[in-house]
Amino acid sequence: MADITITLPDQSKREVPEGTTIGALAASIGRGLAKAAVIGNVNGTERDLNWVLDDGDVVEIVTSNSERGLYTIRHSTTHVMAQAVLELFPGSTFAIGPPVEDGFYYDFELPVGSDGKPGTFVPEDLERIETRMREIMAETQPFVRDELNEQEARKVFAGHRFKLEIIDGEADDPTSATEPGVVRTYENPPSQPWQTPCFDGYPGFIDLCRGPHVPTTKDFLGHFKLMRATGAYWRGDEKNPMLQRIYGTAWASKADLEAHLHRLEEAAKRDHRRLAVDLDLLSFPDELGGGLAVWHPKGALVRKLMEDYSRQRHHEGGYEFVYTPNIANGKLFEASGHLGFYADGMYPPMEMDNGVYYPKPMNCPGHNLIFGARQRSYRELPLRLFELGTVYRYERSGTLHGLMRIRGFTQDDSHIYCTPEQAHDEIRGLLNFVLSVLRAFGFTDFEANLSTRPAKAETVGTDEGWAQATDNLRSALEAEELAYEVDEGGGAFYGPKIDVKVRDAIGRSWQLSTIQYDFNMATRMGLEYIGEDGARHTPIMLHRALFGSVERFFGVLLEHYAGAFPTWLAPTQVRVLPVRDDHDPYAYEVADELRALGLRADVIEASEKLGNRIRKAKGEKIPYVLVVGDDDVAARTVGVNPRGGEVDRGVPLDTFAQRVVDEVDDQLHAAR
RNA sequence: GCCUCCUUAGCUCAGUCGGCAGAGCGCUUCCAUGGUAAGGAAGAGGUCGUGGGUUCGAUUCCCACAGGAGGCUCCA
């Protein structure tokens with residue numbers, strides 16, 4: 001048999017017999033590689049291991065510890081789940097089931113029950129499904145690739161209306177092929193035919209799929225867990241039927257699965273809603289209504305520190321401070337376009353006097369009134385108006401989430417009016433400013449979304465206007481070398497935008513800052529300035545929120561630091577503990593001296609044992625616990641027990657105080 | 001809003017197969033004055049989310065509603 005030549009990723013060539021599969025190629029390279037091989041990448045296309053190679057192919061072996069290998073494991077696992085569900089719930093059908101971050105899901109529709117509605121999963125169902133999945137895996141069913149023509153495929157999937165929509169091209173499925181005329185499928189032949197087969201001509205499970213997959217249900221699968229069943233609309237549209245989605249997680253090894261479950265536990269521990277209660281920062285009383293928070297003294301103190309810092313930076317950054325009221329006449333929101341494009345997000349109107357008033361959902365209309373209050377010259381531009389403006393937005397009850405998604409919140413909101421020529425540099429400066437302030441709060445890892453024209457803005461502005469604004473944002477991102485992804489159609493109704501996301505201490509991504517380009521609202525509201533040429537011009541308007549919302553930013557900070565705020569933000573920075581009650585006077589003296597330096601210090605008297613008072617202070621995540629006893633009274637020293645550090649006794653009080661003052665100063669200036 | 005699950009003391013949670021409501025932490029008082037992560041004792045604290053229904057009797061079973069969690073969608 002003639003040999004063929006294969007090129008490997010390191011450009012080395014390899015001679016193998018004609019008819020060699022990817023799996024055999026891997027085996028010829030090494031036993032370890034053969035064992036780890038999940039799929040192969042042939043000339044840029046991912047293929048099953050039993051794919052037969054051709055002369056001249058460029059082949060990469062994809063292993064289970066690679067991102068694509070893991071993707072394939074999750075993809076194959078979701079097929080096994082679909083098989084288990086279709087078999088265990090006769091009459092059910094399925095929609096799409098792609099791998100997602102950390103796992104996979106599949107959407108199902110269960111048969112109509114006695115109440116006339118499609119059935120739903122209960123938690124015990126997940127256990128049954130999981131058990132059946134493990135049986136299917138033990139059966140070592142091969143994943144059999146095939147291609148059908150459309151007529152055949154329609155017959156096979158006749159009982160599965162969602163699959164027919166995908167075949168017809170009406171619905172997208174990220175894991176199936178979309179070539180017209182050819183329908184790719186993967187079959188898992190069962191060891192025994194199903195009692196109620198639901199695919200014409202097949203004894204068991206088959207799905208629309210472009211693959212590739214692991215060789216059999218036994219290979220690489222098994223390190224998975226079904227997490228939860230939820231509702232999800234078909235094609236994401238609430239006008240469509242609600243399907244039952246099962247989420248699962250799957251990994252290449254048991255250790256990886258356990259590590260993932262452990263990460264979830266760690267994330268739950270730093271949930272801001274839990275920490276907010278534990279640390280007595282804020283609460284969401286039922287009496288107040290959904291999505292509304294009250295700030296307790298400690299939370300309010302941290303918030304005030306954040307806001308003070310923000311004000312200081314904005315002052316230095318050339319912003320002018322303004323205030324606008326919380327409600328406004330509906331005519332204002334008609335002029336701004338909010339009632340036309342954003343009414344769903346607004347609280348209902350209050351009727352009074354000669355008209356209707358709305359709680360403001362955004363600060364821009366108010367700021368525009370300030371710009372328009374008198375004639376403006378180009379010499380004033382860019383004009384940067386800043387307000388910590390509280391807005392109210394009607395969010396549907398199911399979407400509320402602690403501080404992250406809330407109905408009343410405060411934006412550190414700025415509107416910048418500039419000439420078209422200034423826009424590019426101004427956006428760049430804004431991005432730079434935003435990142436600098438975010439760094440001061442301890443974030444170092446940033447990425448961005450560039451969101452383009454949404455469908456709802458079809459009638460707003462011109463194609464050229466949107467394109468130019470989007471290019472302007474794009475070039476600012478590139479100039480600042482900020483990695484970004486394009487979110488097609490994700491823009492606001494008045495223009496495209498950049499959203500800045502940060503990664504927190506455990507790698508989660510949060511959307512915070514937003515910079516929005518608006519070439520529309522100024523026109524709508526008749527804003528003008530007199531240019532150098534003496535003529536009237538419409539300014540470009542930029543919307544910018546840095547924290548995004550003070551509440552969400554606070555929540556993200558709380559989770560980022562797991563409640564252990566850096567010293568400059570900690571509600572209590574130093575706690576002084578007298579060893580015995582005759583040390584109380586000295587303890588108060590220490591606290592007073594620290595307070596005189598602007599530090600936040602308190603004293604807990606010796607009414608409990610020292611060890612317990614230390615334990616409580618640690619639970620409050622206070623940066624410094626000072627213990628003072630006989631030696632300290634005599635020598636004017638303190639015993640320093642820092643958060644996450646070693647105890648240091650006999651430190652002169654002045655030395656300690658200066659150390660903390662310097663630390664706070666460093667934290668505030670390190671990022672500039 | 002829709003789907004699934006949940007709701008017992010301030011917090012974390014037991015429990016009652018329908019028969020007087022439990023623990024730990026926290027809180028109050030007393031004792032104890034202890035050099036680096038829980039000293040002791042006593043006490044207060046709950047219409048078992050709300051409203052209906054079934055029942056001799058409902059915190060427990062059924063229904064509705066409210067609130068919460070996780071999703072869908074949306075978003076700062």
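For clarity, every value in this text was computed on a predicted model and none was experimentally measured. By convention in this document, chain letters (A, B, ...) are assigned in the order of the sequence lines, proteins followed by strands, and residues within each chain are numbered from 1.
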Participant: N/O contacts under 3.5 Å, protein versus nucleotides 74-76 of chain B?
Facilitator:
{"unit_1": "B/C74", "atom_1": "O2", "unit_2": "A/Arg405", "atom_2": "NH1", "d": "2.2"}
{"unit_1": "B/C74", "atom_1": "O2", "unit_2": "A/Arg405", "atom_2": "NH2", "d": "2.1"}
{"unit_1": "B/C74", "atom_1": "N3", "unit_2": "A/Arg405", "atom_2": "NH1", "d": "2.9"}
{"unit_1": "B/C75", "atom_1": "O2", "unit_2": "A/Arg552", "atom_2": "NH2", "d": "3.2"}
{"unit_1": "B/A76", "atom_1": "OP2", "unit_2": "A/Lys497", "atom_2": "NZ", "d": "2.6"}
{"unit_1": "B/A76", "atom_1": "O3'", "unit_2": "A/Gln511", "atom_2": "NE2", "d": "3.0"}
{"unit_1": "B/A76", "atom_1": "O3'", "unit_2": "A/Leu512", "atom_2": "O", "d": "3.3"}
{"unit_1": "B/A76", "atom_1": "N6", "unit_2": "A/Glu395", "atom_2": "OE2", "d": "2.9"}
{"unit_1": "B/A76", "atom_1": "N6", "unit_2": "A/Ile406", "atom_2": "O", "d": "2.9"}
{"unit_1": "B/A76", "atom_1": "N1", "unit_2": "A/Ile406", "atom_2": "N", "d": "3.2"}
{"unit_1": "B/A76", "atom_1": "N1", "unit_2": "A/Ile406", "atom_2": "O", "d": "3.2"}

Participant: I'd like a table of atom pairs between the protein and nucleotides 61-66 of chain B - only N or O on both sides, under 3.5 Å - with the distance next to each one.
Facilitator:
none

Participant: A/Asn432: what forms a side-chain contact (heavy atoms from CB on, under 4.5 Å) with it, not counting sequence neighbours?
Facilitator: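 Residues passing side-chain contact (heavy atoms from CB on, under 4.5 Å) with A/Asn432: A/Glu480.
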Participant: With sequence neighbours left out, write down each residue that passes ring-ring contact (aromatic ring centres under 6.0 Å, His included) with A/His260, or none if nothing qualifies.
Facilitator: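 Only A/Trp251 meet the ring-ring contact (aromatic ring centres under 6.0 Å, His included) criterion with A/His260.
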Participant: With the criterion being N/O to N/O and under 3.5 Å, what pairs connect the protein with nucleotides 4-6 of chain B, and how long is each?
Facilitator:
{"unit_1": "B/U4", "atom_1": "OP1", "unit_2": "A/Thr120", "atom_2": "OG1", "d": "3.2"}

Participant: Please list, for nucleotides 24-28 of chain B, all pairs of protein and nucleotide N/O atoms separated by less than 3.5 Å.
Facilitator:
none

Participant: List the residues meeting side-chain hydrogen bond (donor to acceptor under 3.5 Å, both in side chains) with A/Thr93, not counting sequence neighbours, and say none if there are none.
Facilitator: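 Expected list: A/His160.
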Participant: Taking ring-ring contact (aromatic ring centres under 6.0 Å, His included) as the definition, give me every residue that meets it alongside A/Tyr588, ordered by chain and number, with sequence neighbours left out.
Facilitator: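 Not a single residue meets the ring-ring contact (aromatic ring centres under 6.0 Å, His included) criterion with A/Tyr588.
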Participant: Can you tell me which stems RNA chain B forms when a stem means 3 or more consecutive Watson-Crick or G-U pairs under 3.5 Å?
Facilitator: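 RNA chain B forms these stems: B:1-7 with B:66-72, B:10-13 with B:22-25, B:27-31 with B:39-43, B:49-53 with B:61-65.
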Participant: What residues, two or more places apart in sequence or in another chain, satisfy salt bridge (Lys or Arg N to Asp or Glu O under 4.0 Å) together with A/Asp308?
Facilitator: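 By the salt bridge (Lys or Arg N to Asp or Glu O under 4.0 Å) rule, A/Asp308 matches A/Lys304, A/Arg311.
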Participant: Applying salt bridge (Lys or Arg N to Asp or Glu O under 4.0 Å), which residue pairs with at least one partner in residues 543-553 of chain A are found, sequence neighbours left out?
Facilitator: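 Qualifying pairs: A/Arg303-A/Glu551.
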Participant: Please enumerate all residues that pass ring-ring contact (aromatic ring centres under 6.0 Å, His included) together with A/Phe341, with sequence neighbours excluded.
Facilitator: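 Here the qualifying residues are A/Phe493.
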